[in-house]
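Below is one structure, written out as structure tokens; comments come after it.
Everything quoted here is computed from the prediction, not taken from an experiment.
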There are 2 protein chains.
Amino acid sequence: MDFSKSLIAASSKPLILGILQQGPNYGYDIIQQIKTLSGGQLEWADGMLYPVLHRLEKEGLVTSQWNQSDNGRHRKYYAITELGKAAIHQEQEHWLAMHHVLQKLWSLNSKTSHG
Amino acid sequence: MDFSKSLIAASSKPLILGILQQGPNYGYDIIQQIKTLSGGQLEWADGMLYPVLHRLEKEGLVTSQWNQSDNGRHRKYYAITELGKAAIHQEQEHWLAMHHVLQKLWSLNSKTSHG
DNA sequence: CTTTATACATAGATAATCAATGTATAATAA
DNA sequence: TTATTATACATTGATTATCTATGTATAAAG
């Protein structure tokens, strides 16, 4: 689909926080979930995700913890904080507000402009 | 409302192109329209708008033309091109696709997670 | 020992907002 | 004339973000 950088940027925070609201998760699986959720439209590279996770952690919206999986591979599990849950609501409000502005504009333009 | 930079960035292109689809317009008035459309939530500074307009022109999505207004002040009117109209559709598709991904995620999280 | 999948991390190029600043015209007020 | 406010366009510089490329490491399959 080739989404623009800016749209990816605008969605990364609510997307990741939203996934973590379902339970703690680690980077590699978050990428798979994003792909699944979007029906294959969004394919994040790992080099994209980790800097975002580190930023969210720095902002106090998530915490991280190293854990061993069944396989013996080490995984860094991220969990959402209370601050992170509040941020989800804020992100959701902002997104919906912008969505309504765009919808209003699109509805204006879909009407024939004579009358 | 204090929208994030990234959300402003993601909306700037569809917002401006959408406004210009209603007819040619100039920078100062586009800012007023954005404010009106958003119910006062979005207040763009002129230093934000003009670089975006220049970028859109460089991309061939809009054209510009100097005109005198009734007052005698000179205004640069921007008009959307055919390429610009096509870009609107693309922007709209991308926005809606992302919107549906987020909505799916939010609907998952609004359900109680025991069952 | 090679390849593939999993798993995390950083560096550097590129691109974008946005506050601050500058130029200029017209109207209003002293 | 001078000052202020609203209109109108433009650029600079600080900051912030993606995202490709690259690196490290473990485990399984062959």
Side-chain angles (χ1 to χ4, degrees), chain A residues 1-16 20 24-36 42-59 61-79 91 94 98, chain B residues 1-16 20 24-36 42-59 61-79 91 94 98:
Chain A
M1 254 255 187
D2 201 30
F3 289 85
S4 67
K5 283 189 185 186
S6 56
L7 192 53
I8 297 293
S11 62
S12 64
K13 198 167 172 175
L15 210 49
I16 292 174
L20 291 181
N25 210 342
Y26 60 99
Y28 201 85
D29 194 65
I30 291 173
I31 291 174
Q32 314 298 329
Q33 287 225 31
I34 289 175
K35 188 176 177 181
T36 303
L42 292 171
E43 293 192 60
W44 280 43
D46 49 0
M48 283 178 59
L49 178 67
Y50 294 114
V52 179
L53 284 173
H54 297 162
R55 180 161 52 88
L56 294 179
E57 188 173 17
K58 202 174 174 185
E59 292 175 16
L61 306 182
V62 302
T63 54
S64 69
Q65 193 183 352
W66 283 102
N67 270 107
Q68 294 293 326
S69 72
D70 310 338
N71 310 334
R73 279 196 215 85
H74 66 311
R75 292 171 177 164
K76 202 173 187 176
Y77 280 83
Y78 287 87
E91 289 286 329
H94 286 173
M98 194 64 83
Chain B
M1 252 255 187
D2 202 29
F3 289 85
S4 67
K5 284 189 184 187
S6 56
L7 193 52
I8 296 294
S11 62
S12 63
K13 199 167 173 176
L15 210 49
I16 292 175
L20 292 181
N25 211 340
Y26 60 99
Y28 202 84
D29 194 65
I30 291 173
I31 292 174
Q32 312 298 329
Q33 287 224 32
I34 289 175
K35 188 176 177 181
T36 303
L42 292 172
E43 292 192 60
W44 280 42
D46 48 0
M48 282 180 60
L49 178 67
Y50 294 113
V52 178
L53 284 173
H54 298 161
R55 179 160 53 88
L56 294 179
E57 188 174 17
K58 201 174 174 185
E59 292 175 17
L61 306 182
V62 302
T63 55
S64 69
Q65 192 184 352
W66 283 102
N67 270 108
Q68 295 293 326
S69 71
D70 309 338
N71 311 333
R73 279 195 216 87
H74 66 312
R75 291 170 177 164
K76 202 172 188 178
Y77 279 83
Y78 287 87
E91 289 287 328
H94 286 173
M98 195 63 84

Tell me: [atom1] of [X] to [atom2] of [N], nearest whole Å?
| X | N | atom1 | atom2 | value |
| --- | --- | --- | --- | --- |
| I8(A) | dA16(C) | CD1 | P | 14 Å |
| Y28(B) | dT23(C) | OH | C1' | 15 Å |
| K5(A) | dT18(D) | NZ | C1' | 5 Å |
| H74(B) | dA6(D) | NE2 | P | 20 Å |
| W44(A) | dT6(C) | CH2 | P | 19 Å |
| L49(B) | dC9(D) | CG | P | 9 Å |
| D29(B) | dA6(D) | CG | C1' | 14 Å |
| R75(B) | dT23(C) | CZ | P | 23 Å |

Assign each of Q32(B) and M48(B) the nucleotide of DNA chain D bearing its closest heavy atom; nearer the 5' end lies the nucleotide of Q32(B)
Given that S12(A) and K76(B) both sit by DNA chain D, which one's nearest nucleotide is further toward the 5' end?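 Final value for this comparison: K76(B).
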With a 4.5 Å limit on heavy-atom distance, are the side chains of [X] and [Y] in contact?
| X | Y | answer |
| --- | --- | --- |
| N67(B) | R75(B) | no |
| L20(A) | L61(A) | no |
| L42(B) | M98(A) | yes |

N or O in side chain of [X] less than 4.0 angstrom from [N] OP1/OP2:
| X | N | answer |
| --- | --- | --- |
| Y50(A) | dC8(C) | yes |
| K13(A) | dA17(D) | no |
| Y26(A) | dC8(C) | no |
| H54(A) | dA9(C) | yes |
| R55(A) | dT18(D) | yes |

Return whichever of P51(B) or D46(B) has its heavy-atom-nearest nucleotide of DNA chain C closer to the 5' end. P51(B)
Give [X] one of three labels, base, sugar-phosphate or nothing, depending on what nucleic acid heavy atoms sit under 4.0 Å from its own.
| X | value |
| --- | --- |
| S6(B) | nothing |
| W66(B) | sugar-phosphate |
| G27(B) | sugar-phosphate |

Does the plane of the ring in H74(B) sit parallel, tilted or perpendicular to the ring in W66(B)? Use 30° and 60° as the thresholds. parallel
Please walk me through it: do L53(A) and I30(A) pass side chain to side chain contact (heavy atoms under 4.5 Å, CB included)? CA-CA 10 Å; L53(A) 284 173; I30(A) 291 173; 4.3 Å; yes
